[in-house]
Amino acid sequence: MSDATNAESNDSTSGNAAPGRSAKKSLAVNLGVYTFARLALVVVIAAVIVGVGLLFGVEVPVLVAAIFSVLISLPLSLLLFKNMRIRVNESIAAVDEDRRAARADLQSKLRGEDGKK
């Protein structure tokens with residue numbers, strides 16, 4: 001390949017790489033925040049279960065409290081963290097769209113369609 005061809009291919013991929021990276025970064029951040037929030041909810045509910053048990057003089061095993069807190073937090077997180085879940089879904093859609101565009105671009109290049117006339 002000539003240097004001009006390499007320069008053209010580098011320019012076209014670098015233009016597409018930036019939006020993909022920002023979409024992936026946004027997905028990673030949104031997913032991390034949502035995951036942390038759900039785990040924190042499980043811990044808080046488990047602590048409440050153990051605390052309420054101690055108030056009534058009942059020793060609740062941590063494993064039992066953890067199991068119940070997971071079961072309680074599943075539907076509760078759907079209500080409490082709706083906006084976070086929507087942002088994660090939008091981020092996934094953006095990454096999907098970037099992937100589709102990159103794949104379509106690759107397919108057109110493999111067919112020999114340059115896109116330039």
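In this chain, numbering begins with 1 at the start of the sequence shown. Please read all numbers here as calculations on a predicted model, not as lab measurements.
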Mind checking side chain to side chain contact (heavy atoms under 4.5 Å, CB included) for Val62 and listing every partner two or more places apart, or none if nothing turns up?
none

With rounding to the nearest 0.5 angstrom, report the CD1 to CG distance, Ile45 to Leu76.
5.0 Å

Would you mind listing the cluster partners of Leu106? Hydrophobic ones only (ILVMFWY), side-chain contacts under 4.5 Å, chaining allowed.
Leu110

In chain order, what residues pass the side chain to side chain contact (heavy atoms under 4.5 Å, CB included) check against Leu31, with sequence neighbours excluded?
Thr35, Val88

Side-chain heavy atoms of Val33 within contact of Met84, under 4.5 Å:
yes

Of all pairs that satisfy side-chain hydrogen bond (donor to acceptor under 3.5 Å, both in side chains), the ones with a partner from residues 71-81, not counting sequence neighbours
Arg38-Ser77

With sequence neighbours excluded, residues passing side chain to side chain contact (heavy atoms under 4.5 Å, CB included) with Ile67:
Leu63, Leu71

Please answer whether the main-chain N or O of Ala101 pairs with a side-chain N or O of Asp105 as donor and acceptor at a distance below 3.5 Å.
no

Within the 4.5 Å heavy-atom criterion, are Leu74 and Leu78 side-chain neighbours or not?
no

My understanding is that only residues two or more places apart in sequence, or in another chain, count here; which of them pass side chain to side chain contact (heavy atoms under 4.5 Å, CB included) with Arg99?
Val95, Asp96

Sorted by chain and residue number, the side chain to side chain donor-acceptor pair (under 3.5 Å) partners of Ser69 (sequence neighbours excluded) come out as none

Look at atom CD of Glu59 and say whether more than 12 heavy atoms of other residues, nucleotides or ligands are closer to it than 6.0 Å.
no

Going by salt bridge (Lys or Arg N to Asp or Glu O under 4.0 Å), name the residues that satisfy it together with Glu97, two or more places apart in sequence or in a different chain.
Arg100

What is the minimum heavy-atom distance between Asp98 and Ala23, and which atoms define it?
OD2-CB, 3.3 Å

Hey, what else clusters with Val50 if you join Ile, Leu, Val, Met, Phe, Trp, Tyr whenever side-chain heavy atoms sit under 4.5 Å?
Leu54

Linking Ile, Leu, Val, Met, Phe, Trp and Tyr through side-chain heavy atoms less than 4.5 Å apart, which residues share a cluster with Leu39?
none

Under the side chain to side chain donor-acceptor pair (under 3.5 Å) test, residues paired with Arg111 that sit two or more places apart
Glu113

